[in-house]
Amino acid sequence: MSERFYVTTPIYYVNAQPHIGHAYTTIVADVMNRFHKLLGYKTYFLTGTDEHGDKIVQAAQEAAMEPKAYADRISRLFRETWPKLNISNDYFIRTTDAKHVRVVQHILQKVYDAGDIYFSTYKGLYCIGCERFYTERELVDGKCPDHDREPVEREEANYFFRMSKYQDWLIEHIEANPDFIRPERYRNEVLAFLREPLEDLCISRPKERLSWGITLPFDERYVTYVWFDALINYVSAIDYPDGELFAEFWPAAQHTIAKDILKPHGIYWPTMIRSAGFTPYRHLNVHGYWKINEGKMSKSRGTVVAPLDLVPIYGLDAFRYFLLREMVFGLDANFSEDALIQRLNADLANDLGNLFSRTLAMTAKYFDGRIPPFGAEPEAPDRELRDQTRQTIEVYRAEIPRLGFHKALISIWETLNTANKYIDSVAPWTLAKEAGQRPRLQTVMRNLLEVNRTVAVLIAPFMPETAETMLARLSIPKKALDLRLDEDSRWGTLHEGVPVHKGEALFPRVETEKIAQLKQKGMPPKAGAAALKEAGMELISFEEFKKLDLRTGIVKHAEAVPKSRKLLKLIVDIGEERQVVAGIAQTHTAEEVVGKQVIIVANLQPAKLMGIESRGMVLAVSDGDRLSLVTTAEPVSPGLRVS
RNA sequence: GGCGGUGUAGCUCAGUAGGUCAGAGCAUGCGGCUCAUAUCCGCAGUGUCCGGGGUUCAAGUCCCUGCACCGCCA
């Protein structure tokens, strides 16, 4: 029977749209899932959304929606984001699912029956505006930070979970299992916290104050505190208590989280589990934050780009590679477009892409594009190449389970470097010129093809699309998720005589600076750039042009913006409805523009004009004092991309 | 206020138990190759290893102290 692996992301709170933090956690979990599949484990990968609590009610109110409808909408955003990032989750749970609600009530009842829940009143500082309690330190000058008014002292009766009862047990458990919470810094943080007496956890909210939640099974007047509800998703999704999935996967459970939710996962959850009477998860994997640095690139372009928006620009696999290569799991890391491009160019285009490209090109040239047999006996460089590959596989197997993703990748790149050096030292083009060296050339090229194949397999958890592309070109028509490390990385198992296909560059270099282009033309960079600038011609590359998302749209609705002479507020259908504020009121009335076909810049950074949000820009051209809207020569459907 | 942590080349960071530890990658310069996405390979630098004190024959590496930044807790 194969081994089991169960990984979760947090269920994301639906009060915000998916951003890089969510994406990183989820991609890490995805890499772990794919890695364990590659090792032949039977795996289960869970993600989802957390939908109860007062913050959701607030967010829904602001959007003038019912909580459930609002949660539906944001939840769908998350669900639709993951396929775009190639996330291989098996299930997507929502805390509003009937199945989850049942399990939460089951566990509450069980903990209640065990005597670990009691009813008690407490006094606190309550802000009437927020409808919630504040602690002293949350207040600003003794006032509620949101409403700028002093909270009132208020008494409330609630249910409490006897968390303190499990404090000693938890300390012992963490000490007996050094990798229960990892990396170590977070384990230490939890232990430090546990040195102080643990307070019991308030796990209810009276319905008069908050009704958006799961009703306590033992008191209809209350709903469950959102954390107590949310954490249970990890077992409700796999059919706790009696389901097969639970029996099979729970013992292998690993939670992956960012450091901001360490306490609920490191303290609340294990004690809840203990009280409910089952064994704790195996690992809590805690990572740091991405600090977003606006790179020079973005600045010069005058736009601030959200990291996730870079995915369609630079490619998903480059993005996934960057996140896993750049962050040491557990520590904070910097995200910038510049750094992403640098990794893309240096590691993916130059090292990986180019190695693959030159290997296939020479195979085409010397062997008519067919995989040659091993010819001559291996020589020293051959053995070195193979040893390096073997060593990388070992490092890879050891590092990923202990969250050393960047080390696994570094090791793969050591093999790529060795392969590039290998080509240099054996110089296949020289061998090709000497008739007697044919067998030697066969061995050399075959070795290179084998290395590339192995690398494709190793990068599959990180860059599934690229892995599949590489394998397809080597005539191995396997899906990334069907690969098995043992079989598919075995040296020498390529089939002789099978055709390979060179294809397009795996990772085209991103030529960002004009200077780079000028260099290509042999012009001195500074003089050239300056000359261009003086001439008033700023050339942009096609890559840069492609970043502009120009789309066709039809104006559905228009109204004048009060107190503004120039602005019209438009609702434009570009496949979706967009609110756009356009400065065309001096020449166009609202009535005139409704129904007009327009072109809009769809990926322009949102802005507020006269307090009204504008998400895009309508293109127009001014000729003296006449202003004409840019449109298409023939009527076309809305939402088409201009190219 | 209490307790972690971090501070090493232009940038991002490795530095294990104190003695080839002063390093890697990127960026920069020079040279080589031509199969390749002007890619690859080789060579070359630069560093008061945050400041100050101490232990030691010997300290980024241990101790004390100051500064800066960060985290957790109050």
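Letters A, B, ... are given to chains in the order of the sequence lines, protein chains preceding strands, and every chain is numbered from 1.
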Please confirm whether the backbone N or O of A:M163 pairs with a side-chain atom of A:D200, one donor and one acceptor, at under 3.5 Å?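 Yes.
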Main chain of A:I261, side chain of A:H265: is a donor-acceptor contact present, judged purely on distance under 3.5 Å?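 Yes, the answer is positive, given that a donor and an acceptor are paired below the 3.5 Å cut-off.
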State the OG1-CE distance between A:T359 and A:M470, to the nearest 0.5 angstrom.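 The distance works out to 8.5 Å.
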Identified pairing partner of [N], criterion: Watson-Crick or G-U wobble below 3.5 Å:
N     : result
B:C40 : B:G32
B:G25 : B:C11
B:G51 : B:U65
B:G1  : B:C73
B:A17 : none

Parallel, tilted or perpendicular, as decided by the 30° and 60° cut-offs, for the rings of A:Y321 and A:W413: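 Ring orientation, 0 to 90° scale: tilted.
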When all nucleic acid strands are considered with a 4.0 Å heavy-atom cut-off, which category describes [X]: base, sugar-phosphate, or nothing?
X      : value
A:A361 : sugar-phosphate
A:K407 : nothing
A:I410 : nothing
A:K263 : sugar-phosphate

Within residues 350-359 of chain A, find the residues that approach RNA chain B with a heavy atom at under 4.0 Å, and present them sorted by residue number.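 Output list: A:N350, A:D351, A:G353, A:N354, A:S357, A:R358.
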Expressed as a whole number of angstroms, how long is the span from A:N420:CG to B:C41:P?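 Atom-to-atom, A:N420 to B:C41, this comes out as 5 Å.
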Apply side chain to side chain contact (heavy atoms under 4.5 Å, CB included) to the pair A:F405 and A:L323, showing each step before the final yes or no. CA-CA 10 Å; A:F405 306 105; A:L323 294 187; over 6 Å; no
Distance flag, aromatic centroids of A:F35 and A:Y396, threshold under 6.0 Å: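 Under 6.0 Å, so yes.
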Would you please indicate yes or no on a ring centroid separation below 6.0 angstrom for A:F180 and A:H283?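 No: the rings miss the under 6.0 Å criterion.
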Side chain of A:E189 - closest among B:U39, B:C35, B:G71: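 Of B:U39, B:C35, B:G71, B:G71 is nearest to the side chain of A:E189.
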What nucleotide, of B:C41, B:C3, B:U37, holds the atom closest to the side chain of A:R195?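 Nucleotide nearest to A:R195's side chain: B:C3.
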Are OP1 or OP2 of B:G42 and a side-chain N or O of A:K421 less than 4.0 angstrom apart?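 Result: yes.
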